[in-house]
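Any value given below was found using the heavy atoms of this structure, including those in side chains, with hydrogens, waters and symmetry copies removed. For reference, positions follow the sequence shown, starting with 1.
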Amino acid sequence: MNTEYEENTISLAEIWDKLWKHKYLILIITAAIGIILSIGLYFGLQGQQLTVTNFEYDFVNVEVNKFADGSTFEFRDLISYDKLEEIKASDSKYSDIDVEAIYESDGTTIERRLSPYSTVDDIIYTDNQFILSIPYQYFDYDEDLARAFIDDLLSSVIDEALVKDQELAIYNYVDLVDDNVEYLDAIDYYLQQYNLLLNSMNSFISNNGDVTYNNINITDMRERLVSAYNNTYTYDEITTLIKNEAYYKNIDSFIEKLNLRISNIQRSIDLNVDRINELETMYQTLVANSNLQQADVLLTRIADYRIANVNYQFQIEEYQDIINQANARSVSTFATNDFIQIIDDVETFLNDNTDAFNDFYVSFSDHNTELIYQTGSIFEVEGGYSPILLVLVSGFIGFVASLVVVFIKESQYALDKK
């Protein structure tokens, strides 16, 4: 056994002697292969690197994939050519970025992040969480440039959302009232605006709850609106005042408006008469067939149409009386000025409340429209390896290759010696 150990020891010593004899050759081969391989691997693997950004869009109280105004947010538009070109044009520091190459690259992708609760059989997606990947090489391997470009790209959606928040502002029908609009029509616009305001406030509370923002409470705002309406002239009362006093801006225009309303009411009467005739024919048929239960239903509908026509006829007579009054006299200066003040107060009231609600609604939506990044690194470069690791791996491969060369050379030398 000692003899075998001695032979092995001698064999290892001989190997060491041979390696030491070729130490410079080993160093040269190791260094040459290590340098060449390190450079090749570094640039070869570097081209496979991707910038990966995890992010989430959060638009308050809106449906998934939609902006606050209800329009669709298509997340794939973020890597569209037009969007990429828009970001490039937004800052001169992006001028050297090849947008077309980014757009056409297979490495440029955006996808939803899978929920932690997803399974193979039942894939569930989170609401607005995404992963954006862009090849690192198109940023010239400049991490600061890549971060800035991607941040501007993602922020552009927030900018778009803020613009769309302005669309939340409700329309103001008071703007339609000018010097040519008669008081009767103006009251219709005022009533539309009041109802729009009230419905919009109710809808906001239903969707968002009893919100207080910038020291303004939406429920208090709604209560002030309703209280002010109920404790001043209601629009029905103003309409009655117009009719009773025959208030008008231009007598010809005023009478024309009333005649138009009479014509519209008369068309409704004529339509109801046609319906009554049809229903009476159907009623006779049902009675003849002894289908009395359905016939009784038709009688109820016929009665409703006749009652409606009676009410319509009262309205026509009322408007005709107003026309007669307007033709017979004019409104006193005192009454006109007093009435105009009422109208001005109504317009001021509606304008102020509409502006206040729009400012509250848009500001609240702007404040809650955010870009939320996931915990951890929001941006990282994936793929490739560190230079130190590449040098170590390449050096090891070079060293192994040098050993192979030395052993081949020694084997050849031993053969020649024989």
Side-chain angles (χ1 to χ4, degrees), residues 57-73 127-128 155 157-242 339-372:
Y57 284 127
D58 179 28
F59 303 122
V60 66
N61 295 314
V62 297
E63 298 178 29
V64 175
N65 294 336
K66 288 188 177 181
F67 290 108
D69 69 339
S71 59
T72 301
F73 161 57
D127 290 347
N128 287 315
S155 297
V157 178
I158 300 303
D159 295 337
E160 186 178 353
L162 294 177
V163 171
K164 289 180 177 294
D165 283 348
Q166 302 300 316
E167 302 298 325
L168 298 174
I170 64 173
Y171 186 76
N172 191 352
Y173 287 99
V174 177
D175 293 338
L176 297 176
V177 179
D178 57 26
D179 293 340
N180 296 319
V181 175
E182 283 297 333
Y183 294 125
L184 277 174
D185 292 334
I187 293 303
D188 288 341
Y189 289 134
Y190 298 155
L191 183 57
Q192 287 184 68
Q193 187 59 28
Y194 173 79
N195 288 330
L196 177 61
L197 258 174
L198 185 59
N199 292 335
S200 298
M201 290 179 180
N202 288 334
S203 177
F204 181 93
I205 294 172
S206 176
N207 292 330
N208 302 283
D210 187 15
V211 172
T212 298
Y213 181 69
N214 284 343
N215 297 320
I216 298 175
N217 180 266
I218 184 62
T219 301
D220 291 343
M221 185 186 295
R222 180 185 62 182
E223 289 179 354
R224 287 194 298 271
L225 175 74
V226 175
S227 176
Y229 173 80
N230 291 332
N231 288 291
T232 57
Y233 284 102
T234 65
Y235 302 125
D236 287 340
E237 290 172 338
I238 297 175
T239 300
T240 300
L241 184 62
I242 294 171
F339 175 73
I340 289 174
Q341 186 60 52
I342 294 174
I343 293 297
D344 289 342
D345 289 345
V346 170
E347 288 192 0
T348 301
F349 166 74
L350 289 173
N351 284 329
D352 289 347
N353 278 270
T354 300
D355 291 343
F357 175 73
N358 283 337
D359 183 66
F360 173 87
Y361 193 7
V362 173
S363 298
F364 173 78
S365 185
D366 282 352
H367 177 73
N368 290 281
T369 298
E370 307 173 22
L371 175 62
I372 296 180

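Within the 4.5 Å cutoff, side-chain heavy atoms of Ile170 are placed close to those of Gln193. Taking the side chain as every heavy atom from C-beta outward, Leu225 and Leu198 approach each other to under 4.5 Å. Tyr235 is listed as a side-chain neighbour of Val346, based on a closest heavy-atom distance under 4.5 Å. Counting only heavy atoms from C-beta outward, the side chains of Leu197 and Arg222 never approach each other to under 4.5 Å. Looking at heavy atoms from C-beta onward, Tyr171 lies out of side-chain contact with Thr354 at the 4.5 angstrom threshold. Between Ile343 and Tyr190 the shortest side-chain heavy-atom distance falls below 4.5 Å.
Residues Phe357 and Met221 share a closest heavy-atom pair of CA-SD, 3.9 Å. Closest heavy-atom contact between Ala186 and Val181: N-CG1, 3.8 Å. What you find for Asn358 and Ala169 is that their closest heavy atoms are OD1-CA, 3.3 Å. Annotation for Tyr229 and Phe349: closest pair N-CZ, 4.3 Å, computed over non-hydrogen atoms. In terms of heavy-atom proximity, Gly209 sits nearest to Ile218 at O-CG2, 4.0 Å.
Between the side chain of Asp359 and the backbone N or O of Asp355 there is no donor-acceptor pair closer than 3.5 Å. Under the 3.5 Å distance criterion, the side-chain polar atoms of Gln192 are left unmatched by any main-chain donor or acceptor of Val174. Formation of a donor-acceptor pair under 3.5 Å by the Ser203 side chain with backbone atoms of Asn199 is not found in this model. Remark: the backbone N or O of Ile216 is not paired with any side-chain donor or acceptor of Asn214 at under 3.5 angstrom. At least one donor-acceptor pair under 3.5 Å links the side chain of Thr240 to the backbone N or O of Asp236. Side chain of Ser200 to main chain of Leu196: a donor-acceptor pair is present (N/O by atom type, distance under 3.5 Å, no hydrogens or angles).
Note that the CD atom of Glu223 and the CE atom of Met201 stand 11.0 Å from one another [nearest 0.5 Å]. Of the inter-residue distances, the one linking Asp165 atom CG with Asp366 atom CG reads 4.5 Å to the nearest 0.5 angstrom. Interatomic distance, CG of Asn180 versus CG of Asp185, reported as 11.5 Å (0.5 Å rounding). Of the inter-residue distances, the one linking Thr219 atom OG1 with Ile205 atom CD1 reads 4.0 Å to the nearest 0.5 angstrom. Atom-to-atom distance recorded for Ser365:OG and Gln166:CD is 9.0 Å, nearest 0.5 angstrom.
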Query raised in the report: For Asn208 and Val211, what are the C-alpha separation, side-chain angles and deciding distance, and is it a side-chain contact (heavy atoms from CB on, under 4.5 Å)?
Result: CA-CA 7 Å; Asn208 302 283; Val211 172; 3.8 Å; yes
Query - Check against side-chain contact (heavy atoms from CB on, under 4.5 Å), Tyr194 and Asn353 - result: CA-CA 9 Å; Tyr194 173 79; Asn353 278 270; over 6 Å; no
Query raised in the report: So Gln341 and Asp345, side-chain hydrogen bond (donor to acceptor under 3.5 Å, both in side chains) or not? Walk me through it.
Result: CA-CA 6 Å; Gln341 186 60 52; Asp345 289 345; 2.9 Å; yes
Query raised in the report: Given Leu350 and Tyr173, is the side-chain contact (heavy atoms from CB on, under 4.5 Å) satisfied, shown in steps?
Result: CA-CA 9 Å; Leu350 289 173; Tyr173 287 99; over 6 Å; no
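Ring centroids of Tyr183 and Phe339 are separated by less than 6.0 Å, placing the two rings close together. Taking the centre of each ring, Tyr361 and Phe204 come in below the 6.0 Å mark.
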